[in-house]
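First up is the structure itself, then whatever we jot down about it.
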Protein chains: 2
Amino acid sequence: MNQDFQNVRRRFITQWGALGSQWGINRTMAMIHALLLVAERELSTDEVMEELNISRGNANTNLRDLIDWGLVQRMVRPGERREYFAAEKDVWKIFCMVARERKRRETEPAQKVLEACIRDTETDDSPEAREFRRELTALSDFVSLANTVMEKVAAAEQSRVLPRILKVL
Amino acid sequence: MNQDFQNVRRRFITQWGALGSQWGINRTMAMIHALLLVAERELSTDEVMEELNISRGNANTNLRDLIDWGLVQRMVRPGERREYFAAEKDVWKIFCMVARERKRRETEPAQKVLEACIRDTETDDSPEAREFRRELTALSDFVSLANTVMEKVAAAEQSRVLPRILKVL
DNA sequence: CTGAACTTTCAGTAAACACTGAAATACAGA
DNA sequence: TCTGTATTTCAGTGTTTACTGAAAGTTCAG
């Protein structure tokens, strides 16, 4: 198989991994995702281990995390014990998955913190406490608005939403 | 000053810091930002150090990073050597700053990686290379579309954009 | 120019996070 | 049931990232 092509392919996987760590995603997870994205067929754990030079434990853990994110699916071949893995390739679906997951892990906890802090100072009507509540409420309202937007965007079809949004802007 | 209120205030700062690390933001930076957000007035480096129990170096570095992000401003009081720091409190402005910065740090590098990999396989018309390019092009197109959307949203006024987007959804 | 007040840098260290590899567990066919 | 194959877990270790504190740098009033 063409050597140059294989090199570019490997470079893509490595660099995508490096980018991943700038997002809150660990390098290996991003690399496995990249590998599966550009793989022509589903791969087994051993193939992933081999291609990326990582241990079984590492491969297993990160594959499971990718499955939790909804970015990778387990595939069973009839009559085979071994499991194979395939990445979702539709970019819009990937986007929706990531949006949903980040909402769950990031904005919802933030929302809870804000609401709790607002609630716990509710009975205090000193000027400082009022101001504190005012700040936090502004933040909280914004976060929940952002949540609503993300939710609706992620629930809709790409073909419907994006053209409309672009039109509005 | 009311003890309960001070406790909630501290809890908010701590928890906001913890949330920050889930985003790619380091804990101290998020905590300083939270502290300045709910501070009634601008604070000096020493006040930040004291309140958060961190070293001078740490405070200095993270304050500078916050300034780079555009989330915090240096304030000079006439006739005083010491510098004071104040956080931007308008949530929409905060959002725009963060969007701009994440675009610069995350989506633009991703874009470059994708484009380079597409370019470097352009002369290879084997089926695998074609498929590889197809995948990466889909990704690249999506990322650049997302970039455009972010850019326009961040450039616009909150009062104009959000109502329109909500209407569309 | 000097020295006090303040800020910045950075080598060394500490804390957080990710990875390995081997042991434990689960599963399917004989 | 037992046996071989595949997956999962996790204690120990390695790597990355963040923090400290002291030294160097900057600034300004006198």
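Each chain gets a letter, A, B and so on, in the order the sequences are listed, and its residues count up from 1.
Atom-to-atom, CE of B:M31 to C1' of D:dA18 comes out at 13 Å; the value is rounded to the nearest Å. In this structure, the CG atom of A:L52 is 15 Å from the C1' atom of C:dT20, given to the nearest Å. In this structure, the CG atom of A:N26 is 14 Å from the C1' atom of D:dT17, given to the nearest Å. For A:E80 and C:dC27, the CD to C1' distance is 15 Å, given to the nearest whole Å. In this structure, CG of B:N58 is placed 12 Å from C1' of D:dT17, rounded to the nearest angstrom. Atoms CZ (B:R77) and P (C:dA5) sit 18 Å apart, rounded to a whole Å. In this structure, B:I32 atom CD1 and D:dA18 atom P are separated by 13 Å, rounded to whole Å. In this structure, CG of B:L63 is placed 12 Å from C1' of C:dT8, rounded to the nearest angstrom.
In terms of modelled atom types and a separation under 3.5 Å, the side chain of B:T121 and the main chain of B:D124 share no donor-acceptor contact. Judged purely by atom type and a 3.5 angstrom limit, B:N62 uses its side chain to pair as donor or acceptor with the backbone of B:N58. In this structure, the side chain of A:S140 does not engage the main chain of A:L136 through any donor-acceptor pair within 3.5 Å.
Between B:E122 and B:R119 no salt bridge is recorded (no basic side-chain N to carboxylate O distance below 4.0 Å).
Backbone-only engagement by B:R64 is indicated by non-hydrogen atom pairs under 4.0 Å involving sugar-phosphate atoms exclusively. Heavy atoms of B:R27 sit under 4.0 angstrom from primed sugar atoms or phosphate atoms, though from no base atom. Nucleic acid contact class of A:N60 (heavy atoms, under 4.0 Å, all strands): base. Heavy atoms of A:D65 sit nowhere under 4.0 angstrom from any nucleic acid atom.
Residue-environment remark: CZ (A:R11) exceeds the threshold of 12 foreign heavy atoms within 6.0 Å.
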Protein-nucleotides 24-28 of chain D N/O pairs closer than 3.5 Å?
unit_1: D:dT27; atom_1: O2; unit_2: B:R81; atom_2: NH1; d: 3.4
unit_1: D:dT27; atom_1: O2; unit_2: B:R81; atom_2: NH2; d: 2.9

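Along DNA chain D, the nucleotide nearest to A:Y84 and the one nearest to B:G24 differ in position, and the one closer to the 5' end is contacted by A:Y84. Position along DNA chain D of the nearest nucleotide to A:R56 versus B:M29 favours A:R56 as the more 5'-ward residue.
For A:R74, taking side-chain heavy atoms from C-beta onward, the closest of the listed nucleotides D:dT8, C:dT8, D:dT20 is D:dT8. Closest to the B:S55 side chain, of the nucleotides C:dA18, C:dT7, D:dG21, is D:dG21. For A:T61, counting side-chain heavy atoms from C-beta on, the closest listed nucleotide (D:dT7, D:dT9, C:dA18) is D:dT9. Listed candidates were C:dT20, D:dT20, D:dA18. Nearest to the side chain of B:I54 is D:dT20. Each of C:dC6, C:dC19, C:dT8 was ranked by its minimum atom distance to the side chain of B:R82; first place goes to C:dC6. Listed candidates were C:dT8, C:dT20, D:dC19. Nearest to the side chain of B:N62 is D:dC19. Candidate nucleotides C:dC19, C:dT7, D:dA18 were compared by shortest atom distance to the side chain of B:T28, and D:dA18 ranks first.
Other members of a hydrophobic cluster containing A:M49 are absent, since no ILVMFWY side chain comes under 4.5 Å of it, directly or through relayed contacts.
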With salt bridge (Lys or Arg N to Asp or Glu O under 4.0 Å) as the test, would you mind laying out the steps for A:K89 and B:E131 before giving the verdict? CA-CA 12 Å; A:K89 299 205 174 186; B:E131 179 59 17; 5.1 Å; no
Could you pull out every donor-acceptor pair under 3.5 Å between side chains of residues 146-169 of chain A and any protein atom, sequence neighbours left out?
unit_1: A:N147; atom_1: OD1; unit_2: A:T107; atom_2: OG1; d: 2.6
unit_1: A:T148; atom_1: OG1; unit_2: A:S144; atom_2: O; d: 2.9
unit_1: A:E151; atom_1: OE1; unit_2: A:K103; atom_2: NZ; d: 3.0
unit_1: A:R164; atom_1: NH1; unit_2: B:V168; atom_2: O; d: 3.1

